[in-house]
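Since the structure comes first, as structure tokens, the remarks are kept for the end.
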There are 2 protein chains.
Amino acid sequence: MREYIEQISGKLPDEAWILYQQNLKAMRSEKGQLILGLHKPCKTIWHMTKGAVRKLEMDNGIEKTTHFYVAPKVFTVLHSALTGEPSDLSIISEEDCEFLTLDIDQLKILYQQSIYIERVGRRMAEEEFIEEFSMRRMFLKLDALQRYEYLEKKHPEILRRFQLKDVATFLGVTPETLSRLRKLRLSV
Amino acid sequence: MREYIEQISGKLPDEAWILYQQNLKAMRSEKGQLILGLHKPCKTIWHMTKGAVRKLEMDNGIEKTTHFYVAPKVFTVLHSALTGEPSDLSIISEEDCEFLTLDIDQLKILYQQSIYIERVGRRMAEEEFIEEFSMRRMFLKLDALQRYEYLEKKHPEILRRFQLKDVATFLGVTPETLSRLRKLRLSV
DNA sequence: GAATCCACTTGACAAATGATAAGTTCGAAG
DNA sequence: CTTCGAACTTATCATTTGTCAAGTGGATTC
């Protein structure tokens, strides 16, 4: 996990890493298990060392997938974690997973104790922002088929590890439409 | 500008603000002027104190608006600023504007000198991430009419200060479609 | 191994959006 | 004042995508 974080933030002094690591707790989840339930405030940063999870929202009774995460990956529900408000997103294990968890309030203390940890937070937020923007650009520039092909090319592991119905809502189309697009692509 | 930044980052010690402020340079632009040209590396953080700008990308010869910014606002092209690569986005003045500019390389030095400035960077990145995600969710949940109504409700100033053709591409539809949606909405 | 469930696919039709072309309005330039 | 150009609108038709309904296949359970 240190290696993964340093890849984003740059090299950390041992002291900073030790301080950070002291506050991590091990946790597991089984496939199908809810990591964060709807309407619960998100108080945790998950450092996923094994497995895969999916973030989703409900829209008139229909699940819409907003994110796929595959280990190693650090994630949270930021707008809930920062404000303490109930999360409008849920997180579910799509495989058996292993995590190191970090409490949000603890992280805020760590930010005050180490400029290096503050930097980790900045660099992660920057990278997440860039990724979010890149996904929004998909919707501005590409039609449904092109979005699927883009996903297939850039994140082929998502197609291997998650269900197509969830890939469909992630791409902003119905599962029926995705099915038709895939057929169309094969015949060309 | 200090007040605007502190609203995001929390209160700054005077020393941190003075350090930051010393590196800002005043700049103006006229309506229609290009602030950042396509394919130029983005080396600047703009602190817009007056005016309004638009960020856009080209897609097969068609302009697609990705962001509207209205003063007071701090913005850059982050993926270019971080890597030094040419920007695939341009920025244009939609009104006469006034800025305080900050050089990216200088900012990186400031990050090392003050945990408070590092914190400003983190908090801004976090807020931008949340805003980006909120915009992507529009595309996952709402059809074109609902996206327009959402924009009208949440950011009415955008409809007042920018052109409808640019609002259209920002919403992911053609100007003709936006025109039809607006008519439809009036008749209801 | 039979029954069941759920993901995935397919088909037919409806609705939303795009593409093209033409008309209108308004402000800027001469 | 007149002309011009660009933004915006409107109309028509083509294409894409959604909706609803039914069918297929594979995995799980009893």
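Each chain gets a letter, A, B and so on, in the order its sequence line appears, and its residues count up from 1.
Residues satisfying the side chain to side chain donor-acceptor pair (under 3.5 Å) test with B/K43, not counting sequence neighbours, are none.
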I'd like a table of atom pairs between the protein and nucleotides 23-30 of chain D - only N or O on both sides, under 3.5 Å - with the distance next to each one.
none

Would you list the protein and nucleotides 10-21 of chain D atom pairs, both N or O, that sit under 3.5 Å from each other?
residue: D/dT17; atom: OP1; partner: A/A144; partner atom: N; Å: 3.1
residue: D/dG18; atom: OP2; partner: A/T174; partner atom: N; Å: 3.4
residue: D/dG18; atom: OP2; partner: A/T174; partner atom: OG1; Å: 3.4
residue: D/dG18; atom: OP2; partner: A/T177; partner atom: OG1; Å: 2.5
residue: D/dT19; atom: O4; partner: A/R180; partner atom: NH2; Å: 2.8

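Between A/K141 and B/E57 there is a salt bridge, since at least one side-chain N of the basic residue sits less than 4.0 Å from a carboxylate O of the acidic one.
Spacing between atom CG of B/D166 and atom C1' of D/dC8 amounts to 12 Å, rounded to whole angstrom units. Protein atom CD of B/Q163 is 17 Å distant from nucleotide atom P of D/dG5, rounded to whole Å. Distance, A/E63 CD to C/dC6 P: 13 Å, rounded to whole Å. We find that CG of B/L142 is positioned 11 Å from P of C/dT17, with the value rounded to whole Å. Atoms CG (A/L164) and P (C/dC6) sit 17 Å apart, rounded to a whole Å. A/F139 has its CZ atom 16 Å from the C1' atom of C/dT17, to the nearest Å.
Side-chain polar atoms of B/D88 and B/H39 form no donor-acceptor pair below 3.5 angstrom. With 3.5 Å as the limit, one finds no donor-acceptor pair spanning the side chains of A/R119 and A/S9.
Relative ring orientation between A/W46 and A/F75 is described as parallel, the plane-to-plane angle staying below 30° on a 0-90° scale split at 30° and 60°.
You'll find the side chain of A/L38 stays beyond 4.5 Å of the side chain of A/S87, heavy atoms only.
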Derivation of the ring pair (Phe, Tyr, Trp, His ring centres under 6.0 Å) call for B/H67 and A/F133: CA-CA 10 Å; B/H67 297 268; A/F133 177 47; 5.1 Å; yes
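Checked against the 6.0 Å centroid criterion, the rings of A/H155 and A/F162 do not qualify as a close aromatic pair.
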